[in-house]
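Below is one structure, written out as structure tokens, with a few remarks after it.
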Protein chains: 2
Amino acid sequence: MTARMKDIALELGLSVVTVSKALRAHPDIGEATRRRVLERVAELGYQPNLMARSLVTGQTWTVGLIVPDLLHPFFAGIAKAISNDIRAHGYGLLISSSDEEPDAERQQIRNLLARQVDVIVLASTQTTVDGLREIERRGTPCILLDRRFAGAEAHFVGNDDEAVGALATAHLIAQGCRRIAHLRGPEVSTAAGRLSGYRQALAQQGLAAPELVMDLGPSGDHRGAEAGYAATRRLLALSPRPDGLFCYNDPSALGAMRAVLEAGLRVPDDIAIIGCGNLSYADFLRIPLSSIDQGAEAIGRRVAQLATSLAGTRNAAAPPHVDLVPPRLVARASTIRFPKG
Amino acid sequence: MTARMKDIALELGLSVVTVSKALRAHPDIGEATRRRVLERVAELGYQPNLMARSLVTGQTWTVGLIVPDLLHPFFAGIAKAISNDIRAHGYGLLISSSDEEPDAERQQIRNLLARQVDVIVLASTQTTVDGLREIERRGTPCILLDRRFAGAEAHFVGNDDEAVGALATAHLIAQGCRRIAHLRGPEVSTAAGRLSGYRQALAQQGLAAPELVMDLGPSGDHRGAEAGYAATRRLLALSPRPDGLFCYNDPSALGAMRAVLEAGLRVPDDIAIIGCGNLSYADFLRIPLSSIDQGAEAIGRRVAQLATSLAGTRNAAAPPHVDLVPPRLVARASTIRFPKG
DNA sequence: AGCGTTAACTTTATCGATTAAGCATATTTA
DNA sequence: TAAATATGCTTAATCGATAAAGTTAACGCT
């Protein structure tokens with residue numbers, strides 16, 4: 001078995017409490033004693049049992065994170081950033097992937113609560129705020145990530161999705177597109193936000209009608225390319241057809257691009273295409289894809305900061321901290337119609 | 001505050017132990033009492049404090065995972081699969097990303113041990129097995145993931161990297177390549193294994209000499225494309241130049257492809273290129289990249305199975321379980337020289 | 001009737017720490 | 001010089017559960 005404080009105390013002829021205090025640099029302990037303790041602790045490579053400590057202090061130094069899909073680079077990037085940043089403050093990260101299933105998510109929330117995590121960070125797949133009741137009842141601080149709820153008074157960190165939609169659409173307009181279509185994502189706040197931003201940008205230029213919005217359907221990210229392909233085929237059947245396309249995410253944009261090229265049209269000359277997510281290796285695609293970078297790392301860092309400041313708090317009536325990370329346009333060949341020069 | 005067993009016991013006029021046993025379906029408890037308890041527990045949405053439980057049982061129902069880079073799709077895929085599979089057995093997953101820094105990794109190991117995880121799953125960035133001493137001393141079961149140590153008697157789950165190298169190289173040979181080069185990865189067992197497989201495949205066909213191996217350098221994955229580009233430029237300066245190229249990973253293969261195309265050569269006709277990792281959206285690249293699929297999900301599932309079977313074990317003298325997941329060739333345009341028909 | 005069993009709880013000890021009180025000894029302070 | 005304060009430890013209580021051992025009433029058997 002592993003050494004316990006009791007063992008060290010016995011060896012040194014001290015009480016357990018003295019050892020405990022010495023380890024935590026409590027002022028009660030004299031210099032000589034502290035040194036003796038630390039020396040023996042170092043020799044043994046002793047580390048206090050965090051379970052036991054947590055039981056009495058009520059703090060577990062653990063953040064719980066639930067994402068819809070850990071394989072998605074956006075969420076993986078956020079998870080990595082959170083993990084790295086909170087570790088610097090002594091926190092660990094318990095991660096689970098809900099696979100876009102609300103029931104699984106609720107179960108995972110319950111599990112995190114049973115584990116007494118100090119904070120829950122949640123990119124929810126729920127449509128209502130009800131799933132958060134339990135968290136609230138427990139008084140565990142909760143940070144909503146990427147996806148928000150209409151009337152919920154909760155902390156939030158994520159993109160300003162209206163800005164995402166507006167940025168992408170304005171870029172297409174600037175490139176000379178006049179009939180700009182949108183592939184709309186599933187029933188989550190991000191899709192609604194991007195659609196709204198798209199509409200705003202169009203309205204601002206008097207390009208609102210007719211509306212060229214096509215649904216990608218409920219498919220998750222893994223089917224994004226197929227969904228984008230199918231939706232775009234439907235768009236191309238319209239006449240006159242669109243000359244610009246803002247896609248909910250990059251996979252659907254890739255599917256869209258395939259559909260456009262297969263139809264014998266040119267990208268970006270006939271149809272300019274922009275996605276969202278800024279996938280890695282976009283530069284190595286057949287036609288490098290313009291996209292909106294969501295800044296996963298920045299989001300993760302801000303979540304980490306908020307989480308560590310919230311940990312230890314209980315039911316603090318602090319006003320919700322809403323942190324909208326600005327998106328960044330990355331223009332590549334798929335939209336650049338007027339090469340400079 | 002949240003309800004505790006004591007509260008429920010008091011309300012129902014029972015002892016804490018009775019409630020505890022009722023919740024765990026202990027045979028001591030009568031049907032009527034059990035029902036009363038379960039009913040009240042359901043009403044309150046009570047969940048036992050897992051910290052307290054762990055302290056006495058010694059099991060935390062937690063698996064610790066350390067990977068070099070959570071953003072890397074291979075490790076993200078593994079993490080996702082592990083998380084999903086162990087959750088079904090009641091386990092949670094504590095994840096951290098070591099960023100390929102041995103010191104960070106060691107610190108993370110210590111942290112996981114202090115948190116009393118039941119099993120540690122480790123894709124190590126260390127060069128020696130010394131960093132595992134502490135784990136061993138504690139008797140915590142440990143599963144090495146993806147990267148192995150020479151003489152270590154430890155559980156291992158990952159690819160058969162010699163098979164990876166051999167599979168890729170044999171494929172190039174089958175496509176008619178005769179001067180096959182290799183971009184070698186950094187100082188980890190996977191790079192050594194793939195190199196060895198490459199050599200074996202060449203030797204088997206009497207194509208061994210001269211050796212056309214170029215180092216990618218110590219760069220991690222994020223610089224893979226640049227490193228691949230640079231190494232390939234050096235390769236192209238040779239004469240006669242290679243006609244086939246097996247790259248350590250996909251990013252370096254993309255860099256290699258860029259170098260080849262910039263030199264005015266054709267892929268795969270002048271030089272066929274194959275990578276490793278089977279990156280998503282490989283089909284949407286300028287020239288779809290052939291690659292070796294490592295089967296991240298399969299690896300994750302096997303790790304999960306092994307981990308749950310090992311949890312609760314201490315210093316079991318069970319012989320190390322070595323699980324080599326077979327790689328799968330995914331041939332695409334970058335290597336297919338003889339289109340069928 | 002007497003005694004061993006069983007069923008269904010309760011009481012006590014424990015897990016490995018932390019926090020709150022005690023208690024000498026030494027050092028100031030008035 | 002006596003009372004007041006610090007200094008540096010120790011002992012007792014606690015965190016929220018589980019495990020081991022004890023208790024009591026009902027039951028069955030010869």
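Just so you know, these numbers use all the heavy atoms, side chains as well, and skip hydrogens, waters and symmetry mates. Order of the sequence lines sets the chain letters (A, B, ...), proteins ahead of strands, with each chain counted from 1.
Under 4.0 Å is where a charged nitrogen must lie from a carboxylate oxygen, and between B:Glu134 and B:Arg138 no such pair does. Salt bridge annotation for B:Arg40-B:Glu43: present, with a cationic side-chain nitrogen under 4.0 angstrom from a carboxylate oxygen. With respect to the salt-bridge test (charged N to carboxylate O, under 4.0 angstrom), the residues A:Arg35 and A:Glu31 qualify.
A:Arg147 is listed as a side-chain neighbour of A:Thr125, based on a closest heavy-atom distance under 4.5 Å.
A straight line from CD1 of A:Ile8 to P of D:dC9 spans 16 Å, rounded to a whole angstrom. Rounded to an integer number of Å, the gap from B:Asn49 CG to D:dC15 P is 12 Å. Between the CG atom of B:Leu12 and the C1' atom of C:dC9 there is a distance of 14 Å, rounded to whole Å. The distance between atom CD of A:Gln116 and atom P of D:dA17, rounded to the nearest whole Å, is 8 Å. In this structure, B:Arg35 atom CZ and C:dA8 atom P are separated by 13 Å, rounded to whole Å. Residue B:Asp7 contributes atom CG, which lies 9 Å from atom P of D:dG16 at whole-angstrom precision. If you measure from atom CD of A:Gln59 to atom P of C:dT19, you get 11 Å, rounded to the nearest angstrom. One atom, CZ of B:Arg36, and another, P of C:dA8, lie 14 Å apart when rounded to the nearest Å.
The phosphate of C:dT19 (OP1 or OP2) has a side-chain N or O of A:Arg24 nearer than 4.0 angstrom. Side-chain N/O atoms of B:Thr57 include none lying less than 4.0 angstrom from OP1 or OP2 on D:dA19.
The side chain of A:Tyr46 has C:dA17 as its nearest neighbour among D:dA17, C:dA17, D:dC9. Distance from the side chain of B:Thr33 is smallest to C:dC9 among C:dA17, C:dC9, D:dA17. Here C:dA8 is the nucleotide among C:dA8, D:dT10, D:dT18 with the atom lying nearest to any side-chain atom of B:Asp28. Distance from the side chain of B:Ser15 is smallest to C:dT10 among C:dC9, C:dG16, C:dT10. Comparing D:dC9, D:dA17, C:dA17 against the side chain of A:Arg4 picks out C:dA17 as the nearest. Side-chain proximity of A:Val17 to the nucleotides C:dT14, D:dA12, C:dT11 is greatest for D:dA12.
In terms of position along DNA chain C, the nucleotide closest to B:Leu14 lies nearer the 5' end than the nucleotide closest to the other residue of the pair B:Leu55 and B:Leu14. When each of B:Leu50 and B:Lys21 is assigned the nucleotide of DNA chain D with its nearest heavy atom, B:Leu50 is the one assigned upstream, toward the 5' end.
Here ring pair (Phe, Tyr, Trp, His ring centres under 6.0 Å) pairs that include residues 8-46 of chain A, with residues two or more places apart or in two chains, number zero. Among residue pairs with one or both ends in residues 88-109 of chain A, those qualifying as ring pair (Phe, Tyr, Trp, His ring centres under 6.0 Å) are A:Trp61-A:Tyr91; sequence neighbours excluded.
Across B:Gln47 and A:Ala114, no two heavy atoms sit closer than the pair NE2-CB, 3.1 Å. Between A:Gln59 and A:Ser54, the shortest heavy-atom contact is O-OG, 2.9 Å.
From one end of the helix from C:dA1-D:dT30 to C:dA30-D:dT1 to the other, with five pairs defining each end axis, the axis direction shifts by 50° (rounded to 10°).
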